[in-house]
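Computed from heavy atoms alone, side chains included, the values below leave out hydrogens, waters and symmetry copies. Computed from a predicted model, the values in this text were never measured in an experiment. Residues take their numbers from the sequence shown, with the count starting at 1.
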Amino acid sequence: MGVRVLGKLADRAGAEISRLAHDDSGMSTAEYAIGTIAAAAFGAILYSVVTGDNVVSALTGIISKALSTSVG
């Protein structure tokens with residue numbers, strides 16, 4: 001009887017270890033948090049690049065050229 005109990009206990013312990021090794025219950029929250037921080041940082045960098053003098057003057061030139069072209 002002792003061997004049978006130890007076998008069941010070992011099986012149960014192995015199943016519990018396997019469950020804990022593959023349990024991702026808290027992982028999605030951490031991934032979303034890191035993704036949100038990365039998106040905010042990317043947005044801040046993109047905003048600083050787009051509002052820079054070179055980009056604003058280039059976009060203004062493109063829009064002015066597009067509006068001043070004649071059709072036909």
Side-chain angles (χ1 to χ4, degrees):
M1 182 156 205
V3 174
R4 188 181 300 168
V5 171
L6 287 177
K8 286 183 179 182
L9 185 60
D11 288 344
R12 188 171 178 185
E16 186 66 18
I17 290 171
S18 177
R19 185 190 68 80
L20 289 174
H22 294 91
D23 188 15
D24 293 336
S25 61
M27 196 72 113
S28 62
T29 303
E31 289 171 353
Y32 284 126
I34 291 172
T36 302
I37 291 169
F42 181 73
I45 292 170
L46 185 62
Y47 177 77
S48 65
V49 167
V50 170
T51 57
D53 292 335
N54 294 335
V55 175
V56 171
S57 63
L59 288 175
T60 304
I62 291 170
I63 292 170
S64 296
K65 186 176 179 180
L67 292 176
S68 66
T69 56
S70 60
V71 179

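Looking at every heavy atom in both residues, Val49 comes nearest to Val55 through O-CG2, 3.3 Å. Contact detail for Val56 and Thr60: the closest heavy-atom pair is O-OG1, 2.7 Å.
Contacts of Ser57 classified as side chain to side chain contact (heavy atoms under 4.5 Å, CB included), with partners at least two apart in sequence or in another chain: none.
In this structure, CG in Asn54 is found 11.0 Å from CG in Leu59, a value given to the nearest 0.5 Å.
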